[in-house]
Protein chains: 2
Amino acid sequence: MARKSSTFDPQKLDNQICFAVYSAAHAFNRVYKPLLDRLGLTYPQYLVMLVLWERDDVPVKDIGEKLFLDSGTLTPLLKRLEAAHLVRRTRSREDERQVLISLTPQGHALKEKARAVPQSILAASDCSVSELVTMKDEIVALRDRLNAVIGE
Amino acid sequence: MARKSSTFDPQKLDNQICFAVYSAAHAFNRVYKPLLDRLGLTYPQYLVMLVLWERDDVPVKDIGEKLFLDSGTLTPLLKRLEAAHLVRRTRSREDERQVLISLTPQGHALKEKARAVPQSILAASDCSVSELVTMKDEIVALRDRLNAVIGE
DNA sequence: TCACATTTAATTGTTCGCAATTGAATGTGC
DNA sequence: GCACATTCAATTGCGAACAATTAAATGTGA
């Protein structure tokens, strides 16, 4: 064994940023759960609703690009949102390959009920907005570098 | 509607740190996939192996506490690692409620083959080690604050 | 000792996440 | 116009992730 004293072991769990990110994502999920339960949403469903609240009548592909998810994930998720009467799924007239997702009145209305969610998360983070924005920008930059590697 | 000009909209997807973390976790997973495929591991299985490479012969509960996962996730995952001949699962003699997880020789041997993984991830991150360590510490601190909220 | 709570892992059921495949609609080159 | 590739959503199969429940082992108090 090499001497460990002044050595940074890259194979140690707690030294790995990916585990930090992985476990932070789960921690967020657990904080969101009780808040989103009241809205009848899961976290990925909430993300889809955030996309639709920004722009309605979007093809599945566009939602996927925003959230980095594919149809294998989104198709069943969107069917569940449709079953909950929050969205409608309709084939595009111009391009029959596309399925357009649009909000129902209930889907629109949910935006108001969801307004308190980010505030609760901010409180749970126990952190200033500016600190969070800085961290967010760093994480997004890292994510984009990783995604750049994937696309060769 | 309030004027949007100088306003930070907390309900906008790209303003949310949780989505940054969520999407970064998936980006990491996609970078890890081809590396771990060669080892015959998934990312959560790799995390369990990291724990075991640090300390062998551990109860399931300890692994769960390290990784923030419960038995509903770990039991089937560990059975798959056992089927792959990387770990053994044995009831503890002192406390029959516990199942102790220990590495097989193949499980031990895999540590050497996995040594190159963190370096590849570092390269994909395209970022200095010190920057990553700083980010990791910030994310861990945030995660721990979130987890503190969950436990009331 | 005996009733009772606690600890621990396993099980069940639902939802993500993704790779791989399928099939229909569209675009392209000749 | 017609073969061909491309695009897009849906499907299938597998592996997480977690809530809720079950069941066995252990600890505790009267």
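In this text, all values refer to a predicted model and were calculated from it rather than measured experimentally. Proteins come first, then strands; the chains are lettered A, B, ... in the order of their sequence lines, and each starts at number 1.
- Of the listed nucleotides (D/dA25, D/dA9, C/dA25), C/dA25 has the atom at the smallest distance from the side chain of A/E96.
- Atom CG of A/L81 is separated from atom C1' of C/dT15 by 12 Å (rounded to the nearest Å).
- Under 4.0 angstrom from either OP1 or OP2 of C/dT15 there lies no side-chain N or O belonging to A/Q45.
- Within the 4.5 Å cutoff, the side chain of B/F28 has no heavy atoms near those of the B/Y43 side chain.
- Nearest-nucleotide positions on DNA chain C place B/L78 closer to the 5' end than the other of B/R30 and B/L78.
- To the nearest angstrom, C1' of D/dA16 lies 14 Å from CG of B/L41.
- One atom, CZ of B/R80, and another, C1' of C/dA10, lie 14 Å apart when rounded to the nearest Å.
- For B/Q98, the side-chain atoms get nearest to C/dT8 when compared with the rest of C/dT8, C/dT26, D/dA10.
- For the residue pair A/S128 / A/E131, a side-chain donor-acceptor distance below 3.5 Å is found, with atom types taken as modelled.
- With 3.5 Å as the limit, one finds no donor-acceptor pair spanning the side chains of A/T104 and A/R88.
- Ion pair B/R55/B/D62 flagged as a salt bridge, since at least one NZ, NE, NH1 or NH2 atom sits closer than 4.0 Å to an Asp/Glu carboxylate oxygen.
- In terms of phosphate contacts, A/R89 brings no side-chain nitrogen or oxygen within less than 4.0 Å of OP1 or OP2 of D/dA9.
- The aromatic rings of B/Y46 and B/W53 stand perpendicular to each other, their planes meeting at an angle above 60°, with 30° marking the opposite boundary.
- Non-hydrogen atoms lying under 4.0 Å from DNA chain D are contributed by B/F68, B/L69, B/D70, B/G72, B/T73, B/L77, all within residues 52-77 of chain B.
- If you take CZ of A/F28 and P of D/dC18, they are 15 Å apart, rounded to a whole angstrom.
- Rounded to whole Å, the distance from CZ on B/R91 to C1' on C/dT7 is 12 Å.
- Put simply, A/K79 has a side-chain N or O that comes within less than 4.0 Å of OP1 or OP2 on D/dT11.
- Within the structure, every side-chain polar atom (N or O) of A/R97 is placed at least 4.0 Å from both OP1 and OP2 of C/dG27.
- For the pair B/T42 and D/dA16, the criterion of a side-chain N or O lying under 4.0 Å from OP1 or OP2 is met.
- Counting to the nearest Å, the C1' atom of C/dT6 and the CG atom of B/D95 are 12 Å from each other.
- Note: CG (A/N29) to C1' (C/dC16) measures 10 Å, nearest angstrom.
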For residues 71-83 of chain B, tabulate all N or O donor-acceptor pairs below 3.5 Å that involve a side-chain atom, not counting sequence neighbours.
unit_1, atom_1, unit_2, atom_2, d
B/T75, OG1, B/S71, O, 3.0
B/E82, OE1, B/R89, NH1, 3.4

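- Hydrophobic clustering places B/L86 together with B/V60 (ILVMFWY residues linked when any side-chain heavy atoms are closer than 4.5 Å, directly or through intermediates).
- The phosphate of D/dA17 (OP1 or OP2) has a side-chain N or O of A/Y22 nearer than 4.0 angstrom.
- For the pair A/Y43 OH and D/dC18 P, the interatomic distance rounds to 14 Å; values are reported in whole Å.
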